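The block underneath contains the structure these notes are about, expressed in C-alpha cells.
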Amino acid sequence: MNKASKRIRELPGRGLALLILCLAVWCAIIIRLIKLQIIDYDKYLSLVIDNIQIETSVTAERGIIYDRNMIQLATNNTVWRVFISPGTIADMEQAKLIASGLSEILGVEYSDVIERAQKTWRLDETIKRNVEDEKADEVREFIKENNLEKQIYLQASSARYYPFGSLAAQTIGVVGTDGGLIGLELQYDSFLTGVSGRYISAKNARGLSMPYKYDTYIDASNGANIVSTLDVTMQLALEKQLKQTYEDSSPLNRVTGIAIDVNTGAIRAMGTYPDFDLNSPYVLDKDSQYKLDNCGYAAGSAEYNTMYQNLLYSLWKNKAVSELYEPGSTFKVITTGMCLEENVIKWDDQFFCSANGLVVIPGVSPVHCHKRSGHGLVTYRVGLQQSCNPTLMQAAARLGREKFYNYFKAFGYTEKSGVDLPGEATPYYHSYNNFNALELAVCSFGQTFKVTALQQITAISAVANGGNLLTPYLVEQIIDDNGNVLYQHETEIRRQVISSEVCSSIAEVLEEGVAGNGGAKNTYVPGYKIAAKTGTSEVRDILDENGQSYLRVGSTVAFAPSDDPQIAVIIVVDQPQCESVYGSIVAAPYVAKYLEEILPYLGVERNYSEEELAKLSVSVKNYVGWPVKDATLDIGNRKINYEVKGDGDIVTYQIPASGNTINKETGKIIIYTGSAEPEADIEVPKVTGMTSSNANRTLVNAGLNVVFEGATQSAEGAVAYVTEQSPAPGSLVTYGTVVTVTLRFLDGTAN
C-alpha cells in the first residue's frame, strides 16, 4: 500500500513537468515562426524569389556616330543569340537531334552542343552569339519542324556595324566586349554606351513560366548619338589620295592626311593608310599579313602571336595624332610668321645662300641648304618660295632665340593640340636652356623637333585664318534619340599668335610660289588660288652602319582659297621608297588632286586666268545620230577641230566618245558616217620623261588627242615632265583616242 500510494502522489509532478516541457517546445516553435515569418520575412522572401525568378538582360542600343550631314558612320545591326534549355530536353535522342541540327546550321561543334545539352540542371546554355538574320531564320525553321519550341531559343541583341567599312577606320575606332577600344568609340564610350534593361520572370522547377506578382520589366536606355565633324565626301576623297601616294611611293611607315576647317578647327577628314575594315577589325591588311606569313615563326607560336598583335596594333594606331615626325620645310611658314610679326624682315630683304649652300655657325658644324649649289642672292620672298634653308636661318637669327622660342610655344608646338581623340602624342622639342645658336638655326627650317601631323596642320591653320590658334575637334554635337542636344561644341580660340595682316601677306607669297616657280608648284590646280609649302625631313632615330640618317619623311601643307581660306590639308609620307623622296613629289601632287576634288564640293568657284582658259580642256558632246551637217556646225561653233570619215548623212560613230575631254587648242573630234568604221591601228608612243611640249607634239602627230593633268602652269626657269600616261605606251588604239598625260615639276623641288 505504501508503494502504491507513493506512485499516486508522484503522478501530478510528472504531468506538470511534461506539461512544462511541451509548453517550452511550443514557445520555441512560436518564436521560430515569428522570426521566420515576421522578423526575417524579407530575407527569406528574397531567397525564395531568387530561386524562382529568371532575370534576362535587355541590351541597350549603342549610340550612332554620324558625319556632319547625318550620314551614319557607325550604327547597330540586330543579331541573335541561340541557346538551349538542357532541363527541358527529353532524352539523349532529342539531344542528338538538337546537336546535329544546330552544328550544321551554325557551324558549331557537334560534341560541344551534346556536352551542353547534358547539363540538365541548367536552364540556359549559349550555343552561338552574333548569329545573322539568315542563319537565325534557319534555326527557327529547324525548331518548328521538330517541335523544339521549349528546347531551343533565340534572343535578339545588337552588334556594331560600320556602313562604310574601312572609312576613317583609325578615327572612328572599334568596339570590344567591354566598350570602345580606339578612336571616337573609345573617347566617347561613356556617352555612346547605354544602360541595359532587365526582364524578370517567374519560373517553375522545369524552367517554365508561371504567374507571379514579382514579374517586372525595366526598359533599356540607349546610348547618346554623336554628330561628328567628319564629311563622308571629303573623307573618301582624302583616302583615295592617301592610297594612291602609298602605292606610288611604297613608304615603310604608312601615310597620313588631315583636312581641317581653318576657321573653326573642325576636322573634315582624317585618314591613315594602310587601313582596316571596321567590321573585321582583327583581320590584317595585305602588307601586314605578308609580313606575318613570312616572319619565319610557326603559326600559333608565342612569337607568331606577338608579331600578329604588334602588326594589328600598328594598323589600328592613328598616325595623324599618335606618331611624331619632323615637319621640315613646312615649318618655314611658321618661322616667316614670327619674323614678319616682329618686323625683323621684309619680303624684299636680301639674303645670301653661298655657292656650296653652307652656313657656318661658330663652334658647331656647318649647316647646309637642301640645294647644295646654293641659291645665291635672293629676296626673302624668293627664299621662302624656293625653300632656302640659309635664308630662314638668317631671318631666325635676327629674331633671336627668346622671341623664336616664345612664338614656338604660342603656335602650340610645346603642348598637345587638345583634340578629342585618345592617344595623342606629346611633342618632342628642345628645352629653352638647351636652345642655342645651332638649335635656333635648324629649328627655323623644321628640323630636330617632332610634332604630330595634327599639330602641324593646326599651326598652319592659324596662319590661314588670320592668326588664331584653335583647338581641333571631331565631335560637333551629342544628341539623344529624339534629337535633343546634350552637348554642342563651340569654337575654342586658344590664343591669337600673329596678326591677320601678316597672315594675308604669307598666303599671297605662298600662292605666288605655287602658281609660279616655287617649290610647291606641284600643288597647282587650274582656276584656284592655293597657298602651299612642301617639306622633307630626316628620320634621325634610324641610322645606317655609319651612324647616318638615310630615311626621309616627305610632306605638304596647303590651304585654299589663299585669299579667303576655308580648308587646310596635310599629307605626310613616312619613309618613301621611291626614286624621289621629296615632299614636292611624294605628297604635293596628291594634295593638289584632293583640293581639285573638294573645293567645288565646298562651293568654291574656279576663276581661270586667260592663260588657263587657253589651255582648258572641253567636254565632248554626243553626236551619234545627228545629221552630219548639224554635228559639224555645232562642233565648229564650239571652235573645236573635227574630221569627217565616210560619205553618209548621219553620224554613226565618233571618237572621242561623249563625256571625254580634249584640249581646246589641239583637240579633234573624228566623225564616222555611212560604212566607215574606226580601226585600232595606232600604237601609242611613249611620252613619259618628255616635257609637256614634246609630249603634246608627239601625240598629236600620231593622230591622238592629248589631255594634260597636274602641273600645267608655266614656271620661269622650271620645266614640267610627263610622269604618267594612259593608255600605256605600245597600246593599239583608234585614230583620235584621248591620251591622258600627268605632268610634274621635278627640278627645283628638293624640299
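This chain uses plain numbering: 1 for the first residue, then up along the sequence. Just so we're clear, the structure is a prediction, and the values are computed from it rather than from any experiment.
Shown here for I571 and A587, the closest heavy-atom pair between the two residues is O-CB, 3.8 Å. Smallest separation of non-hydrogen atoms from C339 and A395: SG-O, 3.6 Å. Across all their heavy atoms, L743 and S692 have their closest contact at CD1-CB, 3.6 Å. The minimum heavy-atom distance linking V573 with S249 is given by the pair CG1-OG, 3.5 Å. Among all heavy-atom pairs drawn from Y524 and A515, the shortest one is CD1-CA, 4.4 Å. In terms of heavy atoms, T330 sits closest to K533 at CG2-O, 3.5 Å.
Counting heavy atoms from C-beta on, the side chains of Q566 and P561 come closer than 4.5 Å. A 4.5 Å side-chain heavy-atom check between L595 and Y528 finds every atom pair outside the cut-off. Taking 4.5 Å as the limit, every side-chain heavy atom of T691 sits out of range of all side-chain heavy atoms of N696. Counting heavy atoms from C-beta outward, T256 and L242 have side chains that stay 4.5 Å or more apart. Within the 4.5 Å cutoff, side-chain heavy atoms of V586 are placed close to those of C578. By the 4.5 Å heavy-atom criterion applied to side chains, L599 and I567 are counted as neighbours. F351 places none of its side-chain heavy atoms less than 4.5 Å from the side chain of P390. In this structure, the side chains of P526 and L616 stay at 4.5 Å or more apart for every pair of heavy atoms.
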Between E239 and K243, is the salt bridge (charged side-chain N to carboxylate O under 4.0 Å, His left out) condition met? List the steps.
CA-CA 6 Å; E239 293 190 4; K243 182 175 185 291; over 6 Å; no
Could you go step by step and tell me if K529 and D564 meet the side-chain contact (heavy atoms from CB on, under 4.5 Å) rule?
CA-CA 9 Å; K529 290 185 176 182; D564 182 23; over 6 Å; no
Quick one: do L384 and L510 satisfy side-chain contact (heavy atoms from CB on, under 4.5 Å)? Show the steps, please.
CA-CA 8 Å; L384 176 62; L510 291 177; 4.1 Å; yes
side-chain contact (heavy atoms from CB on, under 4.5 Å) between T229 and R268, intermediate numbers included
CA-CA 6 Å; T229 62; R268 298 302 182 205; 3.8 Å; yes
So R68 and D261, salt bridge (charged side-chain N to carboxylate O under 4.0 Å, His left out) or not? Walk me through it.
CA-CA 13 Å; R68 68 170 178 149; D261 184 326; over 6 Å; no
Decide side-chain contact (heavy atoms from CB on, under 4.5 Å) for Y380 and K346; before the verdict, give the C-alpha distance in whole Å, the side-chain angles of both, and the deciding distance to 0.1 Å.
CA-CA 7 Å; Y380 190 86; K346 291 184 172 55; over 6 Å; no
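Side-chain atoms of Q455 come within 3.5 Å of backbone N or O of E415 as a donor-acceptor pair. Judged purely by atom type and a 3.5 angstrom limit, S329 has no side-chain atom pairing as donor or acceptor with the backbone of K332. The closest donor-acceptor contact from the side chain of K317 to the backbone of G423 lies at 3.5 Å or more, if one exists at all. With hydrogens and angles disregarded, a donor-acceptor distance shorter than 3.5 Å links the side chain of N263 to the backbone of P565. At distances below 3.5 Å, not a single donor-acceptor pair connects side-chain atoms of D275 with backbone N or O atoms of T272. R495 places a side-chain N or O within donor-acceptor distance of the main-chain N or O of A410, the cut-off being under 3.5 Å. Proximity of a side-chain donor or acceptor of E424 to a complementary backbone N or O of K416 within less than 3.5 Å is not detected. D420 places a side-chain N or O within donor-acceptor distance of the main-chain N or O of L474, the cut-off being under 3.5 Å. Checked by atom type and distance alone, the side chain of T666 never pairs as donor or acceptor with a backbone atom of N663 at under 3.5 Å. Looking only at distances, a side-chain donor or acceptor of Y405 sits under 3.5 Å from a matching main-chain atom of H430.
Within 6.0 Å of OH on Y608 lie more than 12 heavy atoms contributed by other residues, nucleotides or ligands. More than 12 heavy-atom neighbours from other residues, nucleotides or ligands sit within 6.0 angstrom of CD on E247. More than 12 heavy-atom neighbours from other residues, nucleotides or ligands sit within 6.0 angstrom of CD on Q496. The local environment of CG in N436 is crowded, with over 12 non-hydrogen atoms from other residues, nucleotides or ligands closer than 6.0 Å. Enclosure of atom CD in Q577 by more than 12 non-hydrogen atoms of other residues, nucleotides or ligands within 6.0 angstrom is indicated.
If you take CE on M270 and CE on M234, they are separated by 12.5 Å, rounding to the nearest 0.5 Å. Distance check: C388 SG to Q394 CD gives 7.5 Å after rounding to the nearest 0.5 Å. Rounding to the nearest 0.5 angstrom, the gap separating the CZ atom in R494 from the CG atom in N468 is 11.5 Å. For the atom pair E597 CD and K240 NZ, the distance stands at 3.5 Å (nearest 0.5 Å). To the nearest 0.5 Å, atoms CD1 (I498) and SG (C503) are separated by 3.5 Å. With rounding to the nearest 0.5 Å, the separation of CD1 in I585 from CZ in F745 is 10.5 Å.
Below 30°, between 30° and 60°, or above 60°: for Y473 and H489 the angle between ring planes is below 30°, a parallel geometry.
For the pair R606 and E612, the salt-bridge criterion is not met [side-chain N within less than 4.0 Å of a carboxylate O]. Taking 4.0 Å as the cut-off between side-chain N and carboxylate O, D574 and R254 do not count as a salt-bridged pair. We find that E508 and R381 are not joined by a salt bridge, their nearest charged nitrogen and carboxylate oxygen being 4.0 Å or further apart.
With F331 as the fixed residue, the ring-ring contact (aromatic ring centres under 6.0 Å, His included) test singles out one of Y429, Y413, Y325: Y413. Put simply, the residue from R552, K450, R540 that forms a side chain to side chain donor-acceptor pair (under 3.5 Å) with E326 is R540.
Side-chain atoms of T556 and T534 include no donor-acceptor pair closer than 3.5 Å. A side-chain donor from one of E341 and S499 sits under 3.5 Å from a side-chain acceptor of the other. Counting only N and O atoms by type, the side chains of E342 and Y407 include a donor and acceptor under 3.5 Å apart.
A cation-pi arrangement is absent between R401 and F408, since the terminal nitrogen or guanidinium carbon is not both under 6.0 Å from the aromatic centre and inside a 45° cone about the axis.
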